[in-house]
Amino acid sequence: MNPFWENEYVQTAGYYSVVILCMVLFLAVFEFVTKYKNWEEIKKGNLAVAMATGGKIFGIANIFRHSIMQHNTLFTMIIWGVFGFVLLLIGYFIYEFLTPKFKIDEEIQQDNRAVGFISMVISVGLSFVIGASIS
């Protein structure tokens with residue numbers, strides 16, 4: 001292989017670039033599945049949305065961290081990262097399903113910080129479980 005592509009700095013920049021692109025794509029997916037506009041709510045100062053979105057960002061980054069550590073090709077890292085994201089997304093829907101007394105999205109949009117905090121912790125916690133299971 002070309003020594004250029006084997007350079008640690010080049011590999012780090014490659015992983016970084018791909019993860020940033022995936023993060024933007026995955027945040028767009030989360031934006032699509034929620035009933036509110038994340039960045040508009042954050043701009044208005046909605047702390048519940050900021051916490052929930054921050055948890056999603058951390059969760060995605062943590063999943064990719066584990067994926068990078070366990071796989072030595074960019075393609076394999078992407079596949080496992082996408083799989084981990086899908087599991088994180090499923091966790092979001094399970095959280096919504098397990099709280100039938102109120103709608104998570106509506107509570108977060110209304111700046112219910114307790115719900116936003118729990119949403120953040122669920123995303124972070126699930127990302128550790130998903131990351132640990134990536135092999």
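The model shown is predicted, which means the values in this text are computed figures rather than measured ones. Computed over heavy atoms, backbone and side chain alike; hydrogens, waters and symmetry mates excluded. We're numbering straight along the sequence, starting at 1.
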Using only atom types and a distance under 3.5 Å, with no angle test, would you say the side chain of [X] pairs donor to acceptor with the backbone of [Y]?
X: T12; Y: Y9; value: no
X: S123; Y: S119; value: yes
X: N46; Y: Q109; value: yes
X: S133; Y: I130; value: yes
X: D111; Y: L47; value: yes

Quick check: do [X] and [Y] have side-chain heavy atoms less than 4.5 Å from each other?
X: I118; Y: V115; value: no
X: F85; Y: W80; value: no
X: L27; Y: W39; value: yes

Treat each ILVMFWY residue as a node, draw an edge where side-chain heavy atoms are under 4.5 Å apart, and state whether [X] and [Y] are in one component.
X: F32; Y: L88; value: yes
X: I68; Y: L25; value: yes
X: M23; Y: V29; value: yes
X: I20; Y: I60; value: no
X: F93; Y: F30; value: yes

Using atom types as modelled, flag every donor-acceptor pair under 3.5 Å from a side chain in residues 97-105 to any protein atom, sequence neighbours excluded.
from, atom 1, to, atom 2, distance (Å)
T99, OG1, Y95, O, 3.1
T99, OG1, E96, O, 3.2
D105, OD1, Y92, OH, 2.4
D105, OD2, K35, N, 3.2
D105, OD2, Y92, OH, 3.1

| Would the number of heavy atoms belonging to other residues, nucleotides or ligands and lying under 6.0 Å from OH of Y16 be above 12? |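 No - once you tally the heavy atoms of other residues, nucleotides and ligands closer than 6.0 Å, there are 12 at most.
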
Distance check, rounded to the nearest 0.5 Å: [X] atom [atom1] versus [Y] atom [atom2]?
X: L21; Y: F26; atom1: CG; atom2: CZ; value: 10.5 Å
X: E40; Y: E31; atom1: CD; atom2: CD; value: 7.5 Å
X: I108; Y: N112; atom1: CD1; atom2: CG; value: 8.0 Å
X: Y36; Y: E106; atom1: OH; atom2: CD; value: 11.5 Å
X: C22; Y: I63; atom1: SG; atom2: CD1; value: 11.5 Å
X: Y15; Y: L74; atom1: OH; atom2: CG; value: 6.0 Å

Requested in this report: Evaluate the criterion side chain to side chain contact (heavy atoms under 4.5 Å, CB included) for residue pair I42 and K37; output intermediate values, then yes/no.
Outcome: CA-CA 9 Å; I42 290 170; K37 301 295 180 202; over 6 Å; no

* Qualifying residues under salt bridge (charged side-chain N to carboxylate O under 4.0 Å, His left out), relative to E41, sequence neighbours excluded ->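 E41 satisfies salt bridge (charged side-chain N to carboxylate O under 4.0 Å, His left out) with K44 only.
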
query: Quick one: salt bridge (charged side-chain N to carboxylate O under 4.0 Å, His left out) partners of R65, sequence neighbours excluded?
result: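 With neighbours one apart ignored, the set is empty.
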
Item to complete: Taking all heavy atoms of M51 and all of R113, pick out the closest pair and write down the distance.
Response: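 Taking every non-hydrogen atom into account, CE-O, 3.2 Å.
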
